[in-house]
Amino acid sequence: QVRLMESGGGLVQAGESLRLSCTATGNFFSINAMGWTRQAPGKQRELVASITTDGSTNYADSVKGRFTISRENAKNTVYLQMNSLKPEDTAVYYCSALQLIMVAGTYPKDYWGQGTQVAVSS
């Protein structure tokens, strides 16, 4: 069984910073990419950032230059450093483990965490 354990959400003022962490636990073979998506009230879920095993990153245009994603492969942990937060960053942030392989040679699947709330006041 795979679990994604997120932490680091909270309430901050505009311009402040937060750091989200997420660790994938369980008995699995490998994870290709890890990342973060978010969903604000009344809006569709959107990709925030992702990072592959070799360190290739991808960011939403709205967070480029403010957010930084990083990863510790040996710990199956991904981080999201969020600086210069804006009220429009308010959302539930979900961690993801993409193309996770439980046993070598089997098909990959995507897994998601329960989400952590980030609220930014103006």
Side-chain angles (χ1 to χ4, degrees):
Q1 183 178 359
V2 176
R3 291 188 63 190
L4 297 179
M5 302 179 66
E6 300 138 327
S7 62
L11 172 63
V12 297
Q13 293 188 333
E16 294 184 339
S17 300
L18 279 175
R19 188 189 194 213
L20 305 183
S21 301
C22 172
T23 298
T25 62
N27 192 16
F28 52 84
F29 178 68
S30 68
I31 302 173
N32 181 20
M34 298 188 76
W36 296 89
T37 57
R38 67 186 180 186
Q39 187 165 21
K43 295 187 177 181
Q44 289 188 331
R45 189 178 294 197
E46 63 173 350
L47 171 72
V48 177
S50 63
I51 183 168
T52 61
T53 304
D54 63 3
S56 297
T57 58
N58 184 39
Y59 293 93
D61 288 342
S62 59
V63 306
K64 284 180 181 177
R66 300 188 298 122
F67 291 10
T68 302
I69 190 169
S70 59
R71 179 175 173 178
E72 290 188 72
N73 292 329
K75 296 182 179 180
N76 294 312
T77 297
V78 64
Y79 306 96
L80 186 67
Q81 177 66 43
M82 305 185 293
N83 298 329
S84 302
L85 282 161
K86 304 176 180 180
E88 51 263 43
D89 294 319
T90 296
V92 178
Y93 284 69
Y94 298 90
C95 172
S96 59
L98 306 175
Q99 297 182 344
L100 184 149
I101 297 175
M102 292 296 290
V103 177
T106 61
Y107 286 105
K109 287 182 60 177
D110 298 340
Y111 292 84
W112 304 89
Q114 295 293 317
T116 184
Q117 177 71 52
V118 171
V120 184
S121 63
S122 57

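Note that the structure is predicted; figures quoted are calculated from it, not measured.
- Taken together through direct or relayed side-chain contacts under 4.5 Å among Ile, Leu, Val, Met, Phe, Trp and Tyr, Y111 and V103 form part of one hydrophobic cluster.
- Note: the hydrophobic cluster containing M34 does not contain W112 (ILVMFWY, side chain heavy atoms under 4.5 Å, direct or indirect links).
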Exercise. Kindly indicate, with the supporting measurements, whether the criterion side chain to side chain contact (heavy atoms under 4.5 Å, CB included) is fulfilled by T116 and L20.
Key: CA-CA 9 Å; T116 184; L20 305 183; 4.0 Å; yes

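- For Y79 and E72, the side-chain atoms include at least one donor-acceptor pair closer than 3.5 Å.
- Residues satisfying the side chain to side chain donor-acceptor pair (under 3.5 Å) criterion with S96, sequence neighbours excluded, are absent altogether.
- Other residues, nucleotides and ligands place more than 12 heavy atoms under 6.0 Å from the CD atom of E46.
- Y59 has its side chain within reach of T68: a pair of non-hydrogen atoms, C-beta onward, lies under 4.5 Å apart.
- Side-chain contact check for V2 versus T25: every heavy-atom pair is 4.5 Å or farther apart.
- Contact of the M82 side chain with the V48 side chain is not registered, since no non-hydrogen atoms from C-beta on lie closer than 4.5 Å.
- Within the 4.5 Å cutoff, no side-chain heavy atoms of L100 are placed close to those of K109.
- F67 contributes atom CZ, which lies 5.0 Å from atom CG of L85 (distance to the nearest 0.5 angstrom).
- Applying the 6.0 Å contact sphere to CZ of R3 captures no more than 12 heavy atoms from other residues, nucleotides or ligands.
- Not one N or O on the side chain of S62 forms a donor-acceptor pair closer than 3.5 Å with the backbone of A60.
- Annotation: side chain of L47 is in contact with side chain of N58 (closest heavy-atom distance under 4.5 Å).
- In terms of modelled atom types and a separation under 3.5 Å, the side chain of T53 and the main chain of N32 share a donor-acceptor contact.
- Residues I101 and F28 fail the side-chain proximity criterion, which asks for heavy atoms closer than 4.5 Å.
- Between the side chain of D110 and the main chain of Q99, a donor-acceptor pair closer than 3.5 Å is present.
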Quiz prompt | Stepwise side chain to side chain donor-acceptor pair (under 3.5 Å) test for Q117 and Y93 | solution = CA-CA 6 Å; Q117 177 71 52; Y93 284 69; over 6 Å; no

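- Within 6.0 Å of the CG atom in D54, the count of heavy atoms belonging to other residues, nucleotides or ligands exceeds 12.
- A distance-only check finds no donor-acceptor pair linking the side chain of E6 to the backbone of S21 [under 3.5 Å].
- Listed by chain and residue number, S17, Q81 satisfy the side chain to side chain donor-acceptor pair (under 3.5 Å) test with N83 (two or more places apart in sequence, or in another chain).
- With sequence neighbours left out, the side chain to side chain donor-acceptor pair (under 3.5 Å) criterion links D89 to R38, R66.
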